[in-house]
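In what follows, a single structure is set out as structure tokens and then discussed.
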Amino acid sequence: MEKDYLSGLNDPQTQAVLQMDGPVMIIAGAGSGKTRVLTHRIAHLIHNKVDPFNVLALTFTNKAAREMKSRITALSNEDAKNLWMGTFHSVFARILRSEASFLNYTSSFTIYDRDDSLSLVKTIIKEKQLDDSVYKASVVLNRISSAKNNLINPIDYSNDIDYSEQDRISGRPLIGEIYSMYNDRLFKANAMDFDDLLINTYILLKQFPEVLYRYQTKFKYLLVDEFQDTNLVQYAIVKKLAAQHENITVVGDDSQSIYAFRGANIQNILNFSSDYPDLKTFKLEQNYRSTINIVEAANSLIDQNKNRLPKKVWTQNESGNKIKVIKSYSDNDEANFVANQIFDSHLQNQIHYDQFAILYRTNAQSRSIEEALRKKNIPYRIYGGMSFYNRKEIKDMMAYFRLAVNPKDEEALKRVINYPKREIGDTSVDKMVVYASQQNKSLWEVVTNINMLPVEISSRTKTKVDQFASKIMSFNVQVEKLSAYDLAMGIANESGLLRELHNDKTPEGISHFENIQELLNSIQEFTLNGHTGLVLPEEDLNSDKDKKNSLDVYLQQISLLTTQDNDSSDQTRQVQVMTVHSAKGLEFKTVIVTGMEENLFPSQLSIYSREDLEEERRLFYVAMTRAEKQLYLSYAVNRFRWGKAIICEPSRFLNEIDSTYLELSQDAFSVRPSQVRLSEDRQDVFKKPSKSFASNHTQASITVPSNFKKIAKAKIKDSSFEGDDPSLIMTGMEVEHEKFGKGKVLNIEGTFPNSKATIFFNGAGQKQLLLKFAKLKCVR
DNA sequence: GGAGGCCTCGGAAGG
DNA sequence: CGAGGCCTCC
């Protein structure tokens, strides 16, 4: 029992777990049990009487934090709930809320998401009357974000030679000014963007030594996961926090650094040892995930990168099958091949669908794959679609909630001041925004004093604005008094939003209404259970126990959630379809990487610089190392891109893999029986275990089948199931439902339109359905 | 104020 | 090609 957590660890893993004090770097190869070491390390600390309150572990995703926390709980007898474990952003947001007054914020500050930030940048560009085709909001915001991640404030920005030079060359010399205004506006709105959560934490710790001392003393042990993905400001904060005890552990794999484009600095891990001369480094090189063929093939690829820490990943696993390289005629053929392959493999080898992953470089590739899977009736899940919280109706509702908590929130205010319609037009809103900006006031100040201001707005509109302001104020005073759910329900009704959506009887309108219901349900759940899925320590810094279930706490948590957090806990086993980026950290029995073509993977934007190409290669390394048993690498000779069929060359990465691990015998031409077979000579070329991919594609691309275009355009019949008028449904009727099939109506209760039917479905059993949503067809 | 036409643009994505 | 933003016209 004593040291259970050490059993089953290999030698380097054990060493890494036992080294308690001082700076530690753990270089963890793909599939080498990184999470295992991190969690066991923390369990070891707790076992050795380190108080969980004194441990801070930082991750990049909520999912990683949640998983680790539950694993630690399982490992240690002590409850791990008091561990400070969470994402950089959630942990720092928590610190900032409790120290907000130091920075002249209130603790209920709003967190602007990217859309809010973009909208604010657009507003400023408009106000400054700049050409928005030159000053593109997304470009400007990226520059600002990059500056923030590199600890450059607006004043430094304007003095910074690199930034101003680059802005001048690109014809956008005023970005520094926009940056400055943008920050002012965030401050006036009592809001922070995601980058502020980092840079403001840094400022807080730098400017207030007493605060720094408090947190340094508290966090006796720091651990950072995925260290290769940290940026400058993240590392700077971690260094500051660790300065007192220097018990800092970083875990990462330089070969899997794939986020340079959002500011990650691979130098953090490459140079870590020079910042901490006493550093103890441990290398986890034994791979437990993949076959020898996969491990060695991936090694041979990543060996081409110059910029890396020396290590050699190896495995004791079986040698396994060779990696299958698949050539297809078109993107659609490729997709069909993949679907067929999965279908057969599932059938023959009894592999569950969720053990297959289809990976691609760009989201645009998902479409043909989705079509092919649907054709074969293979269940699948695509990652990275529109998230629940990105839907318009949810954002509208949330904007009201945000305003209730923080009326200064300018973006929320602009969003709903005239939705539902209350005769406050864009012109009036623009005037108020400009006036607020000129007078250095928040928009809310203008709105609440609209009658006293010399703004050229009709008295009629002013009355409407006044009414709106009163409504928001009435919500605001209830934040402290009501539970999240009670207040949310009140706002949903009194804002008029619920009525507005309820009156919309189009299919979309009904779905919007249902989504709002779902949101309200989730708030009810939060009110009852007090959590949304975010991992945070139980310790309450605000020591404000009554506020635990209030709407502002709900918002604070939601603003840091992401798509992957609302677990759509599907019982069904589905093929996993996603970009390589989102596959990081996951593993599957079979992995199929599609679109292995020049200008796609590697991306055409990466091929002009060695650094970019190396990152692209690391990305491919990540893709390969997701596979446990079988890996397919697939490319097409023709691909639809931007509406045109493009002739593609196989990816250079295919040539970079040692060909002894590859098998080129498969090709996707055979999957469509109707398709003309390959001519003999072409098959010949393909059978050679040669490295000359580039030479055979040219031949193959000459003949485009006559039905090429037709196949590409073929759309799968949309299953738009039409229900009959719900008022026609009566007890005793035979009805049909889209999902449940045919059934009999046993009972109807309630009055239309809120009537609820109890129906026995032949296939699915007894269900209760709201008639207005159920889309039932009368059969008899 | 909303529908529909026109133009533009096209990399990946955590919080 | 298709999504999204913007403008125009009713």
Side-chain angles (χ1 to χ4, degrees), chain A residues 58-65 86-94 111-119 122 126 132-133 136-139 142 145 148-149 192-198 201 225-226 229-231 233-234 257-264 331 359-368 383-387 389-390 392 418-427 534-535 556-565 578-585 595 599-607 612 615-616 618-620 622-623 639-646 709 712-713 715:
Chain A
L58 295 167
T59 64
F60 274 86
T61 64
N62 292 306
K63 198 174 154 214
T87 64
F88 283 90
H89 291 84
S90 68
V91 167
F92 296 165
R94 193 183 175 86
I111 298 172
Y112 273 9
D113 66 18
R114 192 175 159 90
D115 286 348
D116 296 321
S117 298
L118 268 179
S119 157
K122 271 183 200 158
K126 210 154 90 182
D132 63 3
S133 64
K136 283 181 52 185
S138 58
V139 173
N142 286 343
S145 177
K148 287 189 176 183
N149 286 326
M192 296 192 194
D193 67 16
F194 286 128
D195 300 319
D196 286 341
L197 298 178
L198 307 179
T201 300
D225 189 20
E226 306 276 14
D229 291 335
T230 51
N231 61 32
V233 59
Q234 285 165 326
S257 163
I258 55 174
Y259 285 112
F261 69 89
R262 65 180 198 213
D331 44 358
L359 308 184
Y360 39 74
R361 178 66 180 80
T362 68
N363 278 311
Q365 291 164 253
S366 68
R367 206 147 103 193
S368 53
Y383 287 71
M386 172 130 80
S387 92
Y389 295 100
N390 267 329
K392 180 190 175 295
N418 198 33
Y419 181 77
K421 297 275 172 305
R422 44 177 77 87
E423 298 174 64
I424 307 171
D426 288 347
T427 325
L534 253 200
V535 200
Q556 289 167 19
Q557 300 204 10
I558 286 302
S559 55
L560 295 170
L561 286 184
T562 58
T563 3
Q564 310 204 347
D565 290 311
M578 66 189 91
T579 63
V580 180
H581 279 91
S582 39
K584 182 155 164 227
N599 298 325
L600 187 58
F601 201 0
S603 146
Q604 74 265 33
L605 297 164
S606 73
I607 56 178
D612 290 350
E615 171 146 327
E616 207 74 4
R618 290 193 295 270
L619 186 59
F620 183 41
V622 168
R639 179 174 298 276
F640 261 93
R641 286 186 86 183
W642 305 321
K644 278 191 295 233
I646 299 210
K709 190 112 193 182
K713 283 205 152 179
K715 285 250 163 71

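Numbers restart at 1 for each chain; the letters A, B, ... are given by sequence-line order, proteins then strands.
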If you check every side-chain atom of [X], which of [options] has the closest atom?
X        : options                : answer
A/Trp642 : C/dC1, B/dG1, B/dA13   : C/dC1
A/Asn363 : C/dC1, B/dG1, B/dA13   : B/dA13
A/Arg367 : B/dG11, C/dC1, B/dA13  : C/dC1
A/Thr61  : B/dA12, B/dG11, B/dG14 : B/dG14

Exercise. Hey, what's the ring geometry for A/Phe601 with A/Phe620, parallel, tilted or perpendicular (30° and 60° as the breaks)?
Worked result: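 Perpendicular, since the angle between the ring planes exceeds 60°.
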
For this session: Measure the acute angle between the ring planes of A/Phe88 and A/Phe92, then classify it against the limits of 30° and 60° as parallel, tilted or perpendicular.
Result: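 If you compare the ring of A/Phe88 with that of A/Phe92, the planes turn out perpendicular.
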
Atom pair distance, as rounded to whole Å: [atom1] in [X] and [atom2] in [N]:
X        : N      : atom1 : atom2 : answer
A/Ile607 : B/dG11 : CD1   : C1'   : 13 Å
A/Tyr389 : B/dG14 : OH    : P     : 15 Å
A/Arg639 : B/dG11 : CZ    : P     : 15 Å
A/Asn142 : B/dA12 : CG    : C1'   : 12 Å
A/Phe640 : C/dG2  : CZ    : P     : 10 Å
A/Phe601 : B/dG11 : CZ    : P     : 15 Å
A/Asn390 : C/dA3  : CG    : P     : 16 Å
A/Asp132 : B/dC7  : CG    : C1'   : 13 Å

Exercise. Are A/Asp132 and A/Lys126 ion-paired here, with the side-chain N under 4.0 Å from a carboxylate O?
Worked result: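 No, this pair does not count.
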
Looking for any heavy atom pair under 4.0 Å, which part of the strands does [X] touch: base, sugar-phosphate only, or nothing?
X        : result
A/Phe60  : sugar-phosphate
A/Arg641 : nothing
A/Lys644 : nothing
A/Asp195 : base
A/Asp426 : nothing
A/Glu226 : nothing

Problem set entry | Pairwise 5' ranking along DNA chain B for A/Ser145 and A/Glu615, keeping only the more 5' one |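 That would be A/Glu615.
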
For this session: For A/Ile258 and for A/Gly425, find the nucleotide of DNA chain B with the closest heavy atom, then tell me which residue's nucleotide is more 5'.
Result: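 Its nucleotide being nearer the 5' end, the pick is A/Gly425.
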
Phosphate OP1/OP2 of [N] contacted by [X] side-chain N/O (<4.0 Å):
X        : N      : value
A/Thr579 : B/dA13 : yes
A/Lys584 : B/dA13 : no
A/Asn231 : B/dG14 : no
A/Asn599 : B/dG11 : no

Exercise. Using the rule for Phe, Tyr, His and the six-membered ring of Trp, do A/Phe261 and B/dA12 stack at under 5.5 Å and under 30°?
Worked result: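 Yes, aromatic ring over the base.
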
Exercise. Any donor-acceptor pair under 3.5 Å linking the side chain of A/Ser119 with the backbone of A/Asp115?
Worked result: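 No: the side chain of A/Ser119 does not pair with the backbone of A/Asp115.
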
Exercise. For A/Ser606 and A/Ser603, does a side-chain donor sit closer than 3.5 Å to a side-chain acceptor?
Worked result: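 No, because no side-chain N or O of A/Ser606 sits under 3.5 Å from a partner of the opposite role on A/Ser603.
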
Exercise. What about A/Glu616, does its side chain sit under 3.5 Å from the base of B/dG11 through a donor-acceptor pair?
Worked result: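 Counting by modelled atom types and ignoring angles, a donor-acceptor contact under 3.5 Å is found here.
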
Problem set entry | Nearest-Å distance once atom P is located in both B/dA13 and C/dG4 |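 Those two atoms are separated by 16 Å.
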
Problem set entry | A/Asp229 side chain reached by A/Lys584 side chain, heavy atoms, under 4.5 Å |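 Sidechains of A/Asp229 and A/Lys584: in contact.
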
Exercise. Within 45 degrees of the axis of the six-membered ring of A/Tyr419 and under 6.0 Å from its centre: does A/Lys392 put its NZ or CZ there?
Worked result: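 Yes, a cation-pi geometry holds between A/Lys392 and A/Tyr419.
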
